[in-house]
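Each chain gets a letter, A, B and so on, in the order its sequence line appears, and its residues count up from 1.
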Amino acid sequence: MTQTEASSPSDFIREIIENDLKTNKHGGITATRFPPEPNGYLHIGHAKSVCLNFGIAMQYGGTCNLRLDDTDPSGESLEYVDSIINDVHWLGFDWGGRLFYASDYFEKLYQFAVELITAGKAYVCSLSADEIREYRGSFTEPGKESPYRNRSVDENLDLFQRMRAGEFEDGAHVLRAKIDMASSNVVMRDPILYRIKKEPHYRTGTDWLIYPMYDFAHCLSDAIEGITHSICTLEFDNNRALYDWIIEQLITGRRPRQIEFARLNVSYTLLSKRKLIELVDKGYVAGWDDPRMPTVAGMRRRGYRPEAIRKFCSIIGVAKNENLVDISLLEHCVREDLNEVAPRAMAVLRPLRVVIDNYPEGQTEEFEVPNHPQNQAMGTRKVPFSRVIYIERDDFHENPPKKYRRLGPGREVRLRNSYVLKYERAVKNEHTGEVLELHCTYDKDTRQGPPPDGRKVEGVIHWVSAEHAVPAEIRLYDRLFNVPEPAAESDDFLKNLNNGSLEILTPCYLEPSLKNAAPGSACQFERLGYFCADNKDSRPGKPVFNRVVTLRDSWQKISGQGTI
RNA sequence: UGGGGCGUCGUCAAGCGGUAAGACACAGGAUUUUGGUUCCUGCAUUCGGAGGUUCGAAUCCUCCCGCCCCAGCCA
């Protein structure tokens, strides 16, 4: 990570931290944490939080813990833990051995609960789930006190211990904080702290039959770890009162402070874990790492680099406004990153065969071609040329539209890094009229240089020598949804799925230098976009490329339609 | 409806009483063997609305309007 990245722009959270540092509130310490629940893969919204928490720690010389908030065994699994660990690491962050699990604190948490009971601040409630809901009241009416609210400390202690021992079935009892059933904040109406759940936990197995609720576990986990700033999203705003209440009852000395910021939303995609799970489970995508998914794994497979994701997270800012960030900003960050580091190459996606009639049969020559037009340090490569080449079907038009600068009757174009090519005739299917191949001639005096007679050749197209071409499968990805807010009408986001979000092209033809592309490596196919050898399916000799993102395309704007 | 949060350009977002940063998007133009990159230029007389305080308000006060969150034994 570079220095400029670390010295991120200011936001209200950093403002708070800098102020706390100034007043020495936490003894000069800044300790944050990233606390995902291992019940799904990390997505770009999590990435924002990761960058925020780890970024702050780096910036202020503090620490950031990676904590798996695994207090509800249903849905949690090791697979998710592994993916989270891998993703945070891949994003470029290091927790320096401070990898924690809320489940490691179960015993401590239990003791805290006992302490609360002993202090008369918590009780075992034996109302049913439905009754508890009824007793809770509504936004306008206060709740009613549970008939079990005034059980003696001894009875509560006994019952709680027996809950732990497994004497009762799920739902028979819960542990509740004794706060205020008439509070205007519903969260404070004697919130549940522990529930019986006889479900094996992926880490603690069957050791525990009761599990702490988020509100109880999270604040205390923060306290246990000595977190100074507990950064979370806005929907926990209401819970802060409870966070503070629990800490107030049980923790002396330095106390963590919860700060909320607005979660990220990105247009044309979804960041709701529930809905992402649905996409995976129902097979609308090929898995959590499908390149169309907004997951870290998906973006990695798509070919996004962590640098681009970090840049995006830094550029969107941190505030409390409800937001919908335009996905074009993410794409911009990806292009900006790849433009600098991706070597250029030529590949033809939808091949049209071209015979160069005046090029000697059997002859082959090689061009020395730069790998990056603006960066000589990236070196050069050899690209073979011969009598038969492939060009993009789209780079030829029998009746060229206005402003079209490519090949057509009576026209010539520059073959990138090579000669000027002149159209002669087209061979067509006599029934359908489909253009089967082109016959052209080349100007041998234009080898990688301008025509000696000074004539202007406007268009430049890419090509691949047929004899040397490497066939490949190329996967074209587009936005997963075709509306900016697929979840706006919450019930049926599936109807907004973009049916054209994946198009598989084969065979495509690559220049030989791409033949053994390393899986995961990205390059630019000139004039087309950035592509990345698929990290699962690509093999040396049998490349499979994913389109990361197209190039900006001002022709598309002029012509009013896609060119790829 | 009770409580909480939030309203600054199409989208993010600075601004913290001294007279509206920046980015993306968009629109022009220059350079270009990628219709790419790069480089110029334009893009909020106005900050949800209405009052008020002040020499001066996006920033302070009052009222109003709109959007989001909370009634899981999820997090």
Aromatic centroids of Tyr423(A) and Phe396(A) separated by under 6.0 Å
yes
Students often get this wrong, so: under 4.0 angstrom with heavy atoms, is Ala319(A) touching a base, only sugar-phosphate, or nothing?
sugar-phosphate
Residue Gln448(A), side-chain heavy atoms: nucleotide from U34(B), U33(B), C12(B) that is nearest:
U33(B)
OP1, OP2 of U33(B) versus side-chain N and O of Arg527(A): anything below 4.0 Å?
no
From G35(B), G10(B), C70(B), nucleotide with atom closest to Tyr404(A) side chain:
G35(B)
Give a yes or no on whether the ring-centroid distance for Tyr530(A) and Tyr304(A) is below 6.0 angstrom.
no
Rounded to whole angstrom units, what separation is found between the CD atom of Glu134(A) and the C1' atom of C73(B)?
15 Å
Between Lys320(A) and C68(B), does any side-chain N or O lie under 4.0 Å from OP1 or OP2?
no
Compare the minimum distances between each of C73(B), C12(B), U34(B) and the side chain of Glu526(A), then state the nucleotide with the smallest one.
U34(B)
Considering all heavy atoms, the nearest Pro38(A)-Ile84(A) contact:
CA-CD1, 3.8 Å
Mind calculating the distance between CG (Leu127(A)) and P (G72(B)) to the nearest angstrom?
14 Å
To the nearest angstrom, the CG-P distance between Leu528(A) and G35(B) comes to 10 Å
By nearest atom, which of the nucleotides G10(B), A75(B), C70(B) is closest to the Val187(A) side chain?
C70(B)
Could you measure between the two C1' atoms, the one in A57(B) and the one in U46(B), and give it in whole Å?
12 Å
Please give the distance between the P atoms of A50(B) and C65(B) as a whole number of Å.
15 Å
For the C1' atoms, the ones on U37(B) and on C43(B), what distance do you get once it is rounded to whole angstrom?
23 Å
Taking atom P in both G7(B) and U59(B), compute the distance separating them and give it to the nearest angstrom.
12 Å
Are any of Thr71(A)'s side-chain N or O atoms less than 4.0 Å away from OP1 or OP2 of A75(B)?
yes
So if I take every side-chain heavy atom of Pro373(A) and compare against C73(B), C24(B), G36(B), which nucleotide ends up nearest?
G36(B)
Chi-based syn or anti call at G7(B), which uses purine or pyrimidine torsion atoms and a 90° bound:
anti
Say we look at A25(B) and C68(B): how far apart would their C1' atoms be, to the nearest angstrom?
25 Å
For C26(B), what is the paired nucleotide under Watson-Crick or G-U wobble rules, both distances under 3.5 Å?
G42(B)
Testing the basics here: between Ala102(A) and Asp70(A), what is the closest heavy-atom pair and its distance to 0.1 Å?
N-OD1, 3.3 Å
Side chain of Val174(A): nearest nucleotide among U33(B), C16(B), C73(B)?
C73(B)
Checking only heavy atoms, does the side chain of Glu235(A) share a donor-acceptor pair with the base of C68(B) at less than 3.5 Å?
no
Tyr214(A) ring over C74(B) six-membered base ring, under 5.5 Å and 30°
no
Mind checking Ile192(A) for me? I need base, sugar-phosphate or nothing, with any heavy atom below 4.0 Å counting as a touch.
base
For U37(B), does the base pair up with any side-chain atom of Glu340(A) as donor and acceptor (N or O, under 3.5 Å, distance only)?
no
All heavy atoms of Gly166(A) vs all of Leu209(A), minimum pair found to be CA-CD2, 3.7 Å
Among G5(B), U34(B), C74(B), the one nearest Asp237(A) by side-chain distance
G5(B)
Can you check the distance between C26(B) and G10(B), where both ends of the measurement are the P atom (answer in whole Å)?
15 Å
Side-chain N,O (Ser128(A)) to OP1/OP2 (C73(B)) below 4.0 Å:
no
Which residue, Arg416(A) or Asp69(A), contacts RNA chain B at a nucleotide closer to its 5' end, judged by nearest heavy atom?
Arg416(A)
Under-4.0 Å side-chain N/O to phosphate OP1/OP2 contact, Arg552(A) with U37(B):
yes
Any donor and acceptor pair, going by atom type alone, linking the side chain of Lys273(A) with main-chain N or O of Asn39(A) inside 3.5 Å?
no
Taking the minimum atom-to-atom distance to the side chain of Leu329(A), which one of C24(B), G35(B), C12(B) wins?
C24(B)
Phosphate contact (G7(B) OP1 or OP2) by Asn321(A) side-chain N/O below 4.0 Å:
yes
Considering only heavy atoms from C-beta outward, does the side chain of Arg335(A) approach that of Leu551(A) to under 4.5 Å?
no
Between G4(B) atom P and Met188(A) atom CE, what is the distance in whole Å?
13 Å
Using OP1 and OP2 only, check whether a side-chain N or O of Arg136(A) sits under 4.0 Å from G72(B).
yes
Val186(A) side chain: which of U11(B), G2(B), A75(B) is closest?
G2(B)
With a 4.0 Å limit, can you tell me whether Arg189(A) has a side-chain N or O closer than that to the phosphate oxygens OP1/OP2 of A71(B)?
no
Side-chain N,O (Arg240(A)) to OP1/OP2 (C70(B)) below 4.0 Å:
no
Using the C1' atoms only, state how far A21(B) lies from C12(B), rounded to an integer number of Å.
14 Å
When you get a sec, tell me which of G36(B), C70(B), C73(B) is the closest nucleotide to the side chain of Phe139(A)?
C70(B)
Separation of the P atoms in G29(B) and G22(B), to the nearest angstrom
23 Å
Would you please confirm or rule out a distance under 4.0 Å between OP1 or OP2 of U34(B) and any side-chain N or O of His462(A)?
no
Between Phe545(A) and Phe531(A), ring centroids under 6.0 Å
no
